[in-house]
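Everything numeric here is computed off the predicted structure, so don't read it as measured data.
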Amino acid sequence: MNLYAKDFGNSNNFSAGFADAVSKLNSGDILSFENIEYHFYKDFSQRREIHMSNTDSLRNPNKYFGMILENLDDITIEGNGATFIIHGDICALGVLNCKNITLKDFTIRYHSPSVIEMKVQQIHKKKVVFSVPENTFYNISGKTVEFYEKSPFSERIYWKYINDENSSIQVIHSGSNVFRVNNDKGVFHNVKGIKALGNNKIEIEYSSKPKFIEGAVYAITQDKNRNTSGVFVNESENVKAKRLNINYLQGFGWLSQMCGDISFEECNFVPSENHRVSSFADLIHISSCKGRVDIKKCLFEHPHDDAINIHGVFLRFKEKLDSKSAVFEFVHDQQGGYSAFHEGNKVKFYYRDSLEAMLGEYTVKQAIDYIDGKSVSLTFEEELPKNIETIYDGQNNIVIENVTYCPDVEISDCRFEAIPTRGILCTTSGKARIWGNSFSHIYMAHIYISNDANEWYESGPVRDMEIYSNSFYKDFDDSLKKSESPVILIEPITLGGKIKAAVHRNIKIFSNNFENKKVYPIIAEGVENIGIYSNVFKGKSKIKLKHYTTQTNRDE
């Protein structure tokens, strides 16, 4: 059955109307929109206490959603070219505990993105004139600019920050070249005075002559406070995104967490007209998902961080309770708060100092989450490994991964352009195929394969990966900032920083075109059975490998 958005409220304020329409949906229904703008305001958004991986979720447990699909099966959101305008620092769309959801033919755009874009219009001695996009709101006092967005209904402040507080870096967009700089080389360093010039222009006087790039956009975000994600798909299965235009995503990006079978087809992650930034951080982020992840015929441009990141999560051993039970903890400060294990899931144990796996898999019998403590008590069907309490360099040396949530991945026919960090990060023990893509103006590695038990704790030893028929253009302008990252980087991260044995296995890199200037096309460490052949190199052709031909396992 078709339900029509026009029957549920005014498109100028559609938050309540969307909730009403969703409450009427039954399995198999389609919610159909018109080719117009629909506005969603934080004032009228639905709120949930829910946690999101890779965000500062424990500091921000209450999330606001412009739209929510929850506990629904077999539903289609048919946009018909609609544009969803989001007002406030909220999650535009949540898909929570759903099955068989199709999202197609609409645009997500934020009215006032919280990434501040300051374009260098003119440099005269120690003074610089910056312009900011329309709907960038600010107050100036002395040496500070307070950026904000507020409700047109209540005057309530949705979000605000002064200068570059809660920010560790700025991203420079100079044409198609995009790269990061520390704040001490950014817009609000060494400021002598600030004044408004009108027409969305700000003049800043510096204590010494600045070294900015005329015409470039300096993008500033509160990366130390990722309060939400722009789209959040949680504990859901078979969610399809088709022909979507994503102009901006608040907080983190499009995050899928503990899901199965996620796909994107013909989706464009690009900034809107008169903007240069398409996301507060990553664009597509897949954390601990299972089944398949398919990303096909998509375009990725100008995020503030990575284009695609696919990984699992390592939890560190904390305390043994009995022969079959132990407590494990999330370690990174942007992890935790959600259920990472379910009854019947399979788990593997790894040594942090080498990322070697212990023999066998373990079956979860019971999981008890301690959300505030960022930990979980797990009881297994089997006896715990004998070496579970081993110490290395004064730290607990064992981590676990939920291997039930390691997807097969296919990324094909996509284009990656103007990325300040990495194009694709992919660490999964499932079957992974990355083919037919083009990469250009990417500052760091175009493809990065890690597996990290010491910093981000993003897991995934690769077991079957092919990278083929891609075009890699390392055409970054070195006169702006020299890039030394290889095109493809395979670099496990261990406690202690040394690779002692093979971590990844069975990686093939073939039939690719590399235009890589003076950087290495491929650097790989800790790989067993890596095949590199039939590639064409224009630029440096030397490949740097440090891999192993045997795999060892420690006694349990």
Side-chain angles (χ1 to χ4, degrees), residues 171-181 213 215-216 268-270 276 278 282-284 295-303 305-310 409-426 432-450 462 465-491 507-525 527 530-547:
V171 175
I172 300 176
H173 300 253
S174 179
S176 294
N177 295 287
V178 185
F179 57 97
R180 289 174 165 181
V181 295
I213 303 168
N268 298 317
F269 293 80
V270 297
R276 295 297 297 277
S278 59
D282 294 357
L283 291 173
I284 292 177
I295 304 173
K296 300 178 180 179
K297 299 180 181 179
C298 294
L299 171 60
F300 302 91
E301 290 185 355
H302 289 277
D305 208 329
D306 307 314
I308 298 174
N309 190 351
I310 301 170
V409 173
E410 184 171 357
I411 303 173
S412 62
D413 294 319
C414 294
R415 183 155 64 91
F416 300 83
E417 172 81 18
I419 314 292
T421 49
R422 282 81 36 147
I424 298 173
L425 294 86
C426 184
R433 300 292 182 263
I434 302 173
W435 63 274
N437 306 287
S438 67
F439 301 79
S440 62
H441 295 97
I442 297 173
Y443 184 71
M444 298 183 187
H446 295 196
I447 297 176
Y448 179 36
I449 302 165
S450 182
V462 168
M465 177 177 284
E466 293 183 0
I467 301 171
Y468 62 95
S469 300
N470 301 286
S471 297
F472 300 104
Y473 301 96
K474 196 71 174 180
D475 50 357
F476 186 84
D477 185 351
D478 286 341
S479 68
L480 298 175
K481 184 179 181 182
K482 187 175 181 180
S483 173
E484 297 181 350
S485 296
V487 176
I488 297 175
L489 176 61
I490 304 174
E491 181 187 51
I507 297 177
K508 296 179 181 179
I509 303 171
F510 62 95
S511 300
N512 300 286
N513 288 313
F514 290 84
E515 293 190 24
N516 50 295
K517 292 187 177 180
K518 296 181 181 180
V519 302
Y520 283 99
I522 302 166
I523 295 178
E525 183 176 8
V527 184
I530 183 169
I532 302 172
Y533 54 91
S534 301
N535 298 290
V536 176
F537 300 101
K538 186 178 179 180
K540 190 171 188 174
S541 59
K542 184 178 180 181
I543 294 168
K544 189 175 182 180
L545 300 179
K546 183 180 179 183
H547 59 279

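The shortest side-chain heavy-atom distance between R422 and D305 falls under the 4.5 Å cut-off. Taking the side chain as every heavy atom from C-beta outward, I442 and F472 never approach each other to under 4.5 Å. Looking only at side-chain heavy atoms (C-beta outward), V487 and F439 stay at 4.5 Å or farther from each other. The shortest side-chain heavy-atom distance between W435 and E410 falls under the 4.5 Å cut-off. Looking at K297 and D413, their side chains come closer than 4.5 Å, going by heavy atoms from C-beta outward. Side-chain contact check for N535 versus P521: every heavy-atom pair is 4.5 Å or farther apart. A heavy-atom distance below 4.5 Å is found between the side chains of I310 and I411. Within the 4.5 Å cutoff, the side chain of S483 has no heavy atoms near those of the F179 side chain.
Contact record, S174 with A216: CB-CB, 4.0 Å, taken as the closest heavy-atom pair. Across every non-hydrogen atom of S469 and N512, the tightest pair is N-OD1, 3.2 Å. When all heavy atoms of A307 and L283 are compared, the pair lying nearest together is O-CB, 3.2 Å. Across every non-hydrogen atom of A418 and S176, the tightest pair is CB-O, 3.4 Å. The minimum heavy-atom distance between E301 and S278, with the atom names listed, is O-OG, 2.6 Å.
None of F269, F300, Y443 except one satisfies the ring-ring contact (aromatic ring centres under 6.0 Å, His included) rule with F416; the exception is F300. Applying side-chain contact (heavy atoms from CB on, under 4.5 Å) to K474 and the options K538, E515, K540, H446 leaves one that passes, H446.
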- Task: Carefully, step by step, assess I490 and I530 under the rule side chain to side chain contact (heavy atoms under 4.5 Å, CB included).
- Result: CA-CA 11 Å; I490 304 174; I530 183 169; 4.1 Å; yes

- Task: Test side chain to side chain contact (heavy atoms under 4.5 Å, CB included) on D282 and L425 and set out the steps.
- Result: CA-CA 11 Å; D282 294 357; L425 294 86; over 6 Å; no

- Query: Given R180 and T421, is the side chain to side chain contact (heavy atoms under 4.5 Å, CB included) satisfied, shown in steps?
  - Reply: CA-CA 8 Å; R180 289 174 165 181; T421 49; 3.4 Å; yes

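No donor-acceptor pair closer than 3.5 Å links the side chain of N437 to the backbone N or O of N470.
The line from CD of E417 to NE2 of H302 is 6.5 Å long, rounded to the nearest 0.5 Å. The CD1 atom of I507 sits 9.0 Å away from atom CD1 of I532, with the distance rounded to the nearest 0.5 Å. Residue C298 holds its SG atom at 7.5 Å from CG of N268, rounded to the nearest 0.5 Å. Atoms CD and CD1, from E466 and I434 in turn, are 11.0 Å apart once rounded to the nearest 0.5 Å. Atom OH of Y533 is separated from atom CZ of F510 by 4.5 Å, given to the nearest 0.5 angstrom. Of the inter-residue distances, the one linking S412 atom OG with K296 atom NZ reads 5.5 Å to the nearest 0.5 angstrom.
Within 6.0 Å of NZ on K482 lie no more than 12 heavy atoms contributed by other residues, nucleotides or ligands. Within a 6.0 Å radius of NZ in K481, more than 12 heavy atoms belonging to other residues, nucleotides or ligands are found.
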